[in-house]
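Following: one structure in structure tokens, then a few remarks.
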Amino acid sequence: MLQIYNTLTRKKEEFKPLDGNNVRMYVCGNTVYDHSHLGHASTMVAFDMIARYLRAKGYDLTYVRNITDIDDKIIRRAAENGEHYTELVERMIASMDEDAAALGIQKPDQEPRATQHIDGMLEMIGGLIEKGYAYAPGNGDVYFRVRKFEGYGKLSGKILEELESGARIAVDESKEDALDFVLWKGTKEGEPSWESPWGNGRPGWHIECSVMCKCMLGDTFDIHGGGPDLPFPHHENEIAQSEAANGAEFARYWMHSGALRMGKEKMSKSLGNFFTVKEILEKYPPEVVRFLLISSHYRKSTNYSEDTLRMAGEKLQKLYTTLKKVDDPFNEFWVPEDEVELTEEVEEVIGTLKEKFFAAMDDDFNTPEAIAVLFDLSSRINRIFVDRSKINQVRKLRDLLVELGGILGILQDNPEAFLKSGGDVDEAWIEEMIAKRKAAKKAKDFAEADRIREELLSKSVVLEDTRQGTVWKIER
RNA sequence: GGCGAGUUAGCAAAGCGGUUAUGCAGUGGACUGCAACUCCAUUUAGACCGGUUCGACUCCGGUACUCGCCUCCA
């Protein structure tokens, strides 16, 4: 039984899809005015993991992740660059896709863009005005009348009076109430704009999600997700707009990922303490980054540092080392595939571990606990290599390790390729050095052999002497 | 100021009212020319103060500290 923590009720709830086996999920994606930083990646990976697990559970998932392709920051950045905003947008979407692919993030089923849904927005805004939930003061803007919507604050726990007293909301003469938020912004000179009944303008931030949810998933759907800074005001405003316009419950389960931290503080654009995904991928294999992001619970903050990233690499290396050992046809314990038998004992182990993995994931997607199962599996495989009598079981355990890893979006690479990745040393040169060392060893010149090992190690190349010869990997 | 979350061993990070989380690191041993990998054994916990209980890291109350949201922000 899958339990999901619902921000709306502030507790874990049993997950029951609205429509049988079909699950509909909408996640707020990026505003594409710059390259993604690791915080963006963190949220994308979290919901990718969630999507993969829902599918692994057998649900028929429709996953929508939007792209905000028009807003103040995009307009400003494009102007700074002296380019048309669509050029900037296309470039940043390509960059985001590249990062996502590297991190093993599967494409959502739909990636709607705000500017593709202007008509739907005009329709929804018109409807809100008709119902008295919105007003156009005549300056080209349209505002949502927050006090008119009774449930305002139910997601974020905000109380209207306290929001009002917090004097951080910009005073705007044309608003009836300082709390009202903009649905449609009248255009300024030189800005991109669309025609509307209230004059040329562009969408406010929140309306796009309400409209795209309705268009792709219907008035009511199962899961709405996003990053840690979205419950207020963005999601609160979405609920107000959608429920006022549709007269129906909006999303049933609200999920929010935790912040990615640099030391004690949240990594964010406004604090300026961010690394782009591309900067990090220059130094670390993408799967290591993904492993770090899933090695703490999705709702908790993840601590990013050189150290945590290095440790993530070491852990992943351990798992891949196990996989490589099983796959290696020169391994002394290797047996042909058709001689692999599924004994009762191994069947039971597989069943138990699979159950443990799913139980962990069923508990609000507890990836740290699920990963512990992978290490359990890895240890069992390694022990089998010590206790040769059970060798015929090992491939079945390997298959399970790869299968469960796949649900988390890891361990799908070729083990040897992974172990040799991340270095910047010429492979032919390494082989040459290994050959020289072999000759030195044969001549019992161990001082020379050790010197060569040290030289390679200084370039992060670790040598391992096996019965079948010397192999190498990149130190993590 | 309001609302919310957190504080676990050297580091990272989970579950659980009584029985090993897990990984890295450390220590001892096996293996190795030496290593690496791996295996075996093992040391380090639960911010602080109370309460409930036969028994609390786990439940309750308080204190301290940290973080997030309240403004664009994944």
Side-chain angles (χ1 to χ4, degrees), chain A residues 7 10 27-31 33 36-47 71-73 76 153 156-159 161-163 165-170 205 225-234 236 256-261 263-271 274 291-292 295-297 299-303 305 307-319 321-322 324-325 356 359-360 363 366-376 378-379 381-387 419 441 444-447 449-450 453-454 457 462-466 470-473 475-476:
Chain A
T7 309
R10 289 170 197 79
V27 174
C28 289
N30 293 358
T31 300
Y33 72 103
S36 303
H37 69 234
L38 200 59
H40 297 110
S42 162
T43 296
M44 282 198 280
V45 166
F47 285 98
D71 94 315
D72 291 351
K73 293 185 294 296
R76 197 186 328 128
S156 56
K158 305 292 180 203
I159 296 159
E161 285 62 40
E162 276 155 5
L163 280 173
S165 64
R168 299 170 89 171
I169 299 165
W205 175 29
D229 29 31
L230 295 186
F232 190 89
H234 185 233
E236 197 69 62
H256 294 95
S257 57
L260 184 84
R261 279 181 298 119
K264 284 188 171 177
E265 283 178 321
K266 186 177 91 161
M267 179 183 286
S268 78
K269 288 274 164 118
S270 18
L271 289 169
F274 62 91
F291 194 88
L292 171 67
S295 57
S296 62
H297 183 90
R299 269 192 292 118
K300 283 205 169 180
S301 61
T302 299
N303 188 6
S305 69
D307 265 1
T308 56
L309 207 40
R310 182 182 48 74
M311 285 193 292
E314 284 169 1
K315 292 180 187 190
L316 202 49
Q317 174 171 277
K318 186 186 178 79
L319 295 175
T321 301
T322 301
K324 183 182 167 224
K325 211 185 289 183
K356 271 178 85 176
D363 183 14
N366 192 333
T367 49
E369 207 181 321
I371 288 170
V373 175
L374 302 188
F375 283 106
D376 188 348
S378 169
S379 301
I381 292 170
N382 287 329
R383 265 174 304 197
I384 290 174
F385 280 109
V386 174
D387 175 14
L419 292 170
K441 275 174 68 179
K444 302 271 185 222
D445 184 356
F446 294 120
D450 288 347
R453 183 204 292 289
E454 285 304 312
L457 192 59
V462 180
L463 298 187
E464 282 176 45
D465 291 334
T466 72
T470 301
V471 297
W472 63 275
K473 67 179 180 190
E475 187 181 35
R476 300 285 171 217

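Order of the sequence lines fixes the chain letters, A, B, ..., with proteins taken first and strands second; residue numbering starts at 1 for each chain. Atom set for the values below is all heavy atoms of this structure, side chains included, hydrogens, waters and symmetry mates excluded. Since we're looking at a predicted model, the values are computed, not measured.
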Quick one: does A:I381's side chain get under 4.5 Å of A:K325's, heavy atoms only?
-> no
Once you round to the nearest 0.5 Å, how far does CD of A:E464 lie from CG of A:L419?
-> 8.5 Å
Which value, in whole Å, describes the distance between the C1' atoms of nucleotides B:C11 and B:G1?
-> 37 Å
Do the ring planes of A:H37 and A:F274 sit parallel (below 30°), tilted (30 to 60°) or perpendicular (above 60°)?
-> tilted
Considering only heavy atoms and no angle criterion, is a donor-acceptor pair shorter than 3.5 Å present between the side chain of A:D450 and the base of B:G33?
-> yes
Base, sugar-phosphate, or nothing for A:F232, non-hydrogen atoms under 4.0 angstrom?
-> sugar-phosphate
Using the side-chain contact (heavy atoms from CB on, under 4.5 Å) rule, take A:S379 and A:N382 through it: C-alpha gap first, then chi angles, then the decisive distance, then the call.
-> CA-CA 5 Å; A:S379 301; A:N382 287 329; 5.6 Å; no
Nearest 0.5 Å, what's the CZ-OG1 distance between A:R261 and A:T302?
-> 8.0 Å
A:K269 near the nucleic acid: base, sugar-phosphate alone, or nothing, with a heavy-atom cut-off under 4.0 Å?
-> nothing
How is A:L260 classified with respect to the nucleic acid when contacts are heavy atoms under 4.0 Å: base, sugar-phosphate, or nothing?
-> base
Pick the P atom in B:A13 and in B:C40, then give their distance to the nearest Å.
-> 27 Å
What's touching nucleotides 36-43 of chain B from the protein side, N or O pairs under 3.5 Å?
unit_1: B:U38; atom_1: O3'; unit_2: A:N382; atom_2: ND2; d: 3.3
unit_1: B:C39; atom_1: OP1; unit_2: A:N382; atom_2: ND2; d: 3.4

Specify the separation, in whole Å, of atom CD1 of A:I371 and atom P of B:C24.
-> 13 Å
Grab the stems for RNA chain B, please: at least three consecutive Watson-Crick or wobble pairs, both distances below 3.5 Å, written as range with range.
-> B:1-7 with B:64-70, B:10-12 with B:22-24, B:26-30 with B:38-42, B:47-51 with B:59-63
Do A:R453 and A:D465 touch side chain to side chain, with heavy atoms closer than 4.5 Å?
-> yes
Expressed in angstrom and rounded to an integer, what is the separation of A:K264 atom NZ from B:G6 atom P?
-> 17 Å
Side chains of A:K473 and A:Q317: does their closest heavy-atom pair fall under 4.5 Å?
-> yes
Determine, for A:K318 against A:E314, whether the closest basic-nitrogen to carboxylate-oxygen distance falls under 4.0 angstrom.
-> no
Validation row: A:S257, A:P228 side chains within 4.5 angstrom (heavy atoms) = yes
For A:E265 and B:C67, give me the distance from atom CD to atom P, rounded to whole Å.
-> 7 Å
Which parts of nucleotides 8-20 of chain B does protein reach within less than 4.0 Å, heavy atoms only, written one letter per nucleotide 5' to 3' as B for base, S for sugar-phosphate only and - for none?
-> ---BSSSS-----
B:C48 and B:G10: how far apart are their C1' atoms, nearest whole angstrom?
-> 22 Å
Starting at CG of A:L463, measure out to CD of A:E454 and round the result to the nearest 0.5 Å.
-> 10.0 Å
The nucleotide from B:C69, B:C24, B:C72 with an atom nearest the side chain of A:R310 is B:C24
What integer distance in Å separates A:H40:NE2 from B:A74:C1'?
-> 5 Å
Write down the distance separating the C1' atoms in B:G18 and B:U53, rounded off to the nearest Å.
-> 12 Å
